[in-house]
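In what follows, chains carry the letters A, B, and so on, assigned in the order in which the sequence lines appear, proteins first and then strands, with residues in each chain numbered from 1.
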2 protein chains.
Amino acid sequence: MTRSDARETKEKILDSAEKLFARDGFPATSLRAITADAGVNLAAVHYHFGSKDALVEAVFTRRLEPLNQERLTLLDAVETSSEATSPEKILEAFVGPPLRLLRDEKRGGATFMRLMGRTLTEPSQQVQEIFIRQFREIAGRFTAALKHALPGLPPEEIFWRMHFSIGAMAHTMSDTFRLRLISGGLCDSADVDATIHRLVTFLSAGMQAPGTGDRP
Amino acid sequence: MTRSDARETKEKILDSAEKLFARDGFPATSLRAITADAGVNLAAVHYHFGSKDALVEAVFTRRLEPLNQERLTLLDAVETSSEATSPEKILEAFVGPPLRLLRDEKRGGATFMRLMGRTLTEPSQQVQEIFIRQFREIAGRFTAALKHALPGLPPEEIFWRMHFSIGAMAHTMSDTFRLRLISGGLCDSADVDATIHRLVTFLSAGMQAPGTGDRP
DNA sequence: GTCTATATCCTGATAGAC
DNA sequence: GTCTATCAGGATATAGAC
């Protein structure tokens, strides 16, 4: 084990932490479980990260930064390619990257996708703050694009519907077996592109529904 | 303290557990924190419930049984009142009762609503099982009603869209301040009926989108 | 940088007096 | 039914040898 350098140890800890956090949640996952899974010493966590909280933050930022960068790149492409930017394409740029994690093992794969999905809705104070910090720019850019694509919709309605969309996306990311169970095996999420297409179709129709300003 | 009977102690424990579980999650909430908040003795939890796991289950079943009963009653009313049952009314019967918890303190109020919202997406194995057990009948009845209201849609698409809808609903239930923060105060969830109307409009449009069977 | 050993604290659970 | 006292184990974190 003396041949493995610091970089390897750090990555191994992050990988194991990601895996166990996704499966059991943050508070239920002990540093002992993480270091045992990673095959490193317990004290290595404190040497490399300082504390459990700092480790949690590192697990997220490692993946979220490139993911959000990809979202912005896709949105740029949508906005420059066509005159009339459709809600479909904007929403695809938003939900596509996290859902495609399922087949991108190098960026965390299904494990980080699930972790992100469950964390979006189950916010410990600490993790909530990490997310908001990483999410502000994304939220601003995408709501602006949607405002432009849906000029008839009041701005507050855009925010509400983005909120609903994030919930639908998060649930799709976090749940990999309940849907199959309840549908009696009818629904399978293995085909990522089909899932993205289903979700975008659903969200886009909801996004384009008439405003609810005048309540019946 | 000798004048408080067993019933009161049990209820006090359930109330405090509900509150702290909603705030901090199950594993991060200790029995000591619960009993301190409830003003009862630590050993009372084991006397009345047997274990922490059993307490978790009791916290849910106390609220979920009447809630799901209300959903079924509303669905019955929708199905008998009109010939053509609209997706709007079915979805309203599904998401209305949990969202109206916000102003029904006697049934858990905002606290249990938040707890339910976060637990729907963040499933520890144990709690996941409680939910599925309580949810099977509901899921069956509502998907059947939607199938009837949307005869053109493939059954698997109904399941997928119910899945998306549950995610949007759960996120709306669990988050009470991030939306306001990100929208710059533009969105306020205090008006429960307006929120339900917004959500139902969104979901219903998504539910009625063309099927995605033939992918482009 | 990595390890062992340990300090300190908190957890769920229980035994037994009242 | 309610209390005190306590058990046994696991948690984070750290000190110090190598």
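- Under the 3.5 Å distance criterion, with hydrogens and angles disregarded, no donor-acceptor pair is assigned to the side chains of B/Asn68 and B/Glu137.
- Between B/Thr9 and the phosphate of D/dG1, there is no side-chain N or O to OP1/OP2 separation shorter than 4.0 Å.
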Nucleotide N/O of nucleotides 13-18 of chain D paired with protein N/O under 3.5 Å:
{"from": "D/dA13", "atom 1": "OP2", "to": "A/His46", "atom 2": "NE2", "distance (Å)": "3.1"}
{"from": "D/dA13", "atom 1": "OP2", "to": "A/Lys52", "atom 2": "N", "distance (Å)": "3.2"}

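- To the nearest angstrom, C1' of C/dG12 lies 16 Å from CG of B/Leu20.
- A donor-acceptor pair under 3.5 Å is absent between the side-chain atoms of A/His171 and the main chain of B/Thr121, judged by distance alone.
- In terms of position along DNA chain C, the nucleotide closest to A/His48 lies nearer the 5' end than the nucleotide closest to the other residue of the pair B/Ala28 and A/His48.
- Ion pair A/Glu18/A/Arg107 not flagged as a salt bridge, since none of the NZ, NE, NH1 or NH2 atoms sits closer than 4.0 Å to an Asp/Glu carboxylate oxygen.
- Summarising the geometry, the separation between CD on B/Glu8 and C1' on D/dT2 is reported as 14 Å, rounded to the nearest angstrom.
- The backbone N or O of B/Gly140 sits less than 3.5 Å from a side-chain atom of B/Thr143, completing a donor-acceptor pair.
- Straight-line distance from the CZ atom of B/Phe49 to the P atom of D/dT2: 11 Å, rounded to whole Å.
- OP1 or OP2 of D/dT4 sits under 4.0 Å from a side-chain N or O of B/Asn41.
- Between the side chain of B/Arg71 and the main chain of B/Phe94, a donor-acceptor pair closer than 3.5 Å is present.
- In terms of heavy atoms, B/Leu74 sits closest to B/Ala93 at CB-CB, 3.7 Å.
- The CD1 atom of A/Ile34 sits 12 Å away from the C1' atom of D/dA11 (whole-angstrom rounding).
- Among the atoms of the strands shown, only primed sugar atoms or phosphate atoms (P, OP1, OP2) are found under 4.0 Å from some heavy atom of B/Thr29.
- The side chain of B/Ser30 contributes an N or O atom lying less than 4.0 Å from OP1 or OP2 of C/dT11.
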